[in-house]
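The next block holds one structure in the form of structure tokens; read it before the comments.
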Amino acid sequence: MPATLPIGTVVESGDIAELNAQRFNRHTFWCGQSGSGKTYALGVVLEQILAHTSLPLVILDPNADFVRLGEVRPEAASTGTAAALAGRDIRVLRPGDRDDSLRVRFSALPFPIKAALLRLDPLDDRAEYNALLHLQERYPINDERSIVERLRESGDPVHHALAERVENLALDDWGLWAGERAAATEIIETRPDATVLDLGGFRYAEEPLVVALSVLDDLWTRREQRRPVLIVIDEAHNLCSPDLDSPLGRAVREQIIRIAAEGRKYGLWLLLSTQRPSKVHQGIISQCDNLALMKMSSPIDLAELASIFGFVPESLIEQSPLFTQGMALFADGFIGAPTIVQMGDRVTFEGGSDVGVPLR
């Protein structure tokens, strides 16, 4: 009998609504407009996955919504889910200067990403590009700041130019470089039950892109190990938009497209959450088998969802604008039949709750 994840109640009957845990071995698309309860409801499902399966989660969290996933609310402490979560290894990596901060190892990045980071063209910047190509074999050290010092001290004008490029782009000022500390990829490789990557709070806009690239590329590189992992990307439109035009933005999107198209057979499963389906590349959405749809009023977004998820009765999708907060339509493999559900309560705290209006 497959493991089931209780997530709330069926709106029509009042029965307990359950998802089939085994069917998270497919890509999942989760969407709902602002105020629909999307992030809270997603937290309910992630808690159940942690409580009832041994499927590791890697959560790309741009708004710090899941940084308290391991903190049980006092009123829920006596529940079975809370008891199960108490024994889970949940790592939260955040920007900052501490032992558990969110970091990337420059030397471990694929060379094309290094070149994109430094905005180097193999023909227009031949000398610097070639110097970067051989950088690691000449300076096999992990401290990124020491590399800049070595380049400046080398006496080679090309190396000096490369050091100037790093400084001009302020890359040596980024707070995410690992140095002697553990990188996020190294922590994920130890297989915690959940690794939450807090992508907010970086000083430079490209730092979250580098974190995402580093993690996604490392998981893809290790795909032949066939060790299952659920990659949760919240606010997926930030990383999956067809409009991304920077070298790093395009690289992130292309890696996600690659995982969406080929990752399933290797145990790399996506759960993409967004409030703007039309802002997510169709090549990614079209690879998703599971659908969770909350309140959505945009006719353009609903028409696109009806077209892509043709297995869902259009009459149910058309009810989405009428949903109240916390209602969701679940469809395909992880539920027996398309079902509208009122989501249950979370056991843990939501990290990024709405700001209230100040009263006199």
Side-chain angles (χ1 to χ4, degrees), residues 2 4-5 7-8 10-12 17-42 44-46 48-49 230-243 253 256-265 268-343:
T4 56
L5 311 177
I7 58 167
V10 178
V11 169
E12 190 174 85
E18 297 176 320
L19 298 181
N20 182 348
Q22 293 292 340
R23 295 296 290 189
F24 278 91
N25 67 346
R26 300 289 189 272
H27 303 315
T28 300
F29 192 67
W30 189 296
C31 54
Q33 68 187 37
S34 179
S36 64
K38 171 178 60 70
T39 302
Y40 184 94
L42 178 56
V44 172
V45 173
L46 297 183
Q48 292 300 318
I49 292 173
L230 183 64
I231 307 166
V232 181
I233 305 179
D234 195 24
E235 306 297 352
H237 49 275
N238 292 330
L239 300 180
C240 304
S241 171
D243 300 327
R253 183 186 61 219
I256 296 172
I257 290 174
R258 185 177 297 115
I259 293 173
E262 305 176 47
R264 197 177 77 180
K265 61 188 175 184
L268 301 178
W269 305 318
L270 295 169
L271 194 164
L272 307 169
S273 175
T274 183
Q275 54 184 285
R276 295 299 310 276
S278 59
K279 294 296 184 181
V280 176
H281 195 287
Q282 279 209 1
I284 298 172
I285 303 179
S286 63
Q287 297 296 327
C288 295
D289 292 319
N290 299 322
L291 172 67
L293 170 62
M294 304 190 75
K295 182 181 178 69
M296 183 77 66
S297 299
S298 166
I300 295 175
D301 285 324
L302 290 175
E304 182 173 354
L305 291 172
S307 172
I308 295 174
F309 296 98
F311 54 82
V312 184
E314 196 166 344
S315 59
L316 290 179
I317 291 180
E318 290 173 349
Q319 293 184 43
S320 172
L322 305 176
F323 288 175
T324 58
Q325 190 176 55
M327 288 177 64
L329 166 63
F330 290 89
D332 209 38
F334 61 1
I335 199 162
T339 305
I340 298 175
V341 174
Q342 180 64 51
M343 299 298 295

Considering residues, nucleotides and ligands other than Glu314, do more than 12 of their heavy atoms fall under 6.0 Å from its CD?
-> no
Keeping the roles fixed (side chain from Gln325, backbone from Gly35), state whether a donor-acceptor pair exists under 3.5 Å.
-> yes
Qualifying salt bridge (charged side-chain N to carboxylate O under 4.0 Å, His left out) pairs with a residue from residues 283-298, counting only residues at least two apart or across chains = Arg26-Asp289, Arg264-Asp289
If you round to the nearest 0.5 Å, how far is NE2 of His281 from CG of Leu239?
-> 14.0 Å
Tell me, yes or no, whether the heavy-atom count around Leu322 atom CG, taken from other residues, nucleotides or ligands under 6.0 Å, exceeds 12.
-> yes
What's the spacing between Thr274 OG1 and Ile285 CD1 if we round to 0.5 Å?
-> 8.0 Å
Quick one: does Pro277's side chain get under 4.5 Å of Ile308's, heavy atoms only?
-> no
To the nearest 0.5 angstrom, please state how far the CD1 atom of Ile49 sits from the CZ atom of Phe24.
-> 4.0 Å
Of all heavy-atom pairs linking Ile335 and Glu18, the shortest is CG1-O, 3.9 Å
Which heavy atom in Cys31 sits nearest to a heavy atom in Met296, and how many Å separate them?
-> CB-CE, 3.9 Å
Are the side chain of Thr339 and the backbone N or O of Ala337 linked by a donor-acceptor pair below 3.5 Å?
-> yes
Given side chains that start at C-beta, do those of Lys38 and Asp234 come closer than 4.5 Å, heavy atoms only?
-> yes
How far does CE of Met327 sit from CG of Leu293, to the nearest 0.5 angstrom?
-> 10.5 Å
Where do Cys288 and Leu272 come nearest, in terms of heavy atoms and distance?
-> SG-CD1, 4.3 Å
Not counting sequence neighbours, which residues clear side chain to side chain contact (heavy atoms under 4.5 Å, CB included) with Val312? List them please.
-> Leu291, Phe309, Ile317, Leu329, Ala331
Rounded to the nearest 0.5 Å, what's the gap from CZ on Arg23 to CG on Asn290? Could you check?
-> 7.0 Å
Given side chain to side chain contact (heavy atoms under 4.5 Å, CB included), test Arg276 with Asp301 step by step and report yes or no.
-> CA-CA 7 Å; Arg276 295 299 310 276; Asp301 285 324; 3.9 Å; yes
Charged N-O contact under 4.0 Å between Glu235 and Lys279 = no
Check: Ser298 and Ser278 side chains under 4.5 Å, non-hydrogen atoms = no
CA sep, side-chain torsions, deciding dist, call: Asp243, Arg253, side chain to side chain contact (heavy atoms under 4.5 Å, CB included) | CA-CA 10 Å; Asp243 300 327; Arg253 183 186 61 219; over 6 Å; no
Looking at OG of Ser286 and CZ of Phe29, how far apart are the two atoms once the value is rounded to the nearest 0.5 Å?
-> 11.0 Å
So, Gln33 versus Ser297: side-chain donor-acceptor pair below 3.5 Å or not?
-> yes
Between the side chain of Ser320 and the main-chain N/O of Met294, is any donor-acceptor distance below 3.5 Å?
-> yes
Of all heavy-atom pairs between Gly333 and Asn20, which one has the smallest distance, and what is that distance?
-> O-CB, 4.2 Å
Backbone N/O of Gln287 and side chain of His27: donor-acceptor pair under 3.5 Å | no
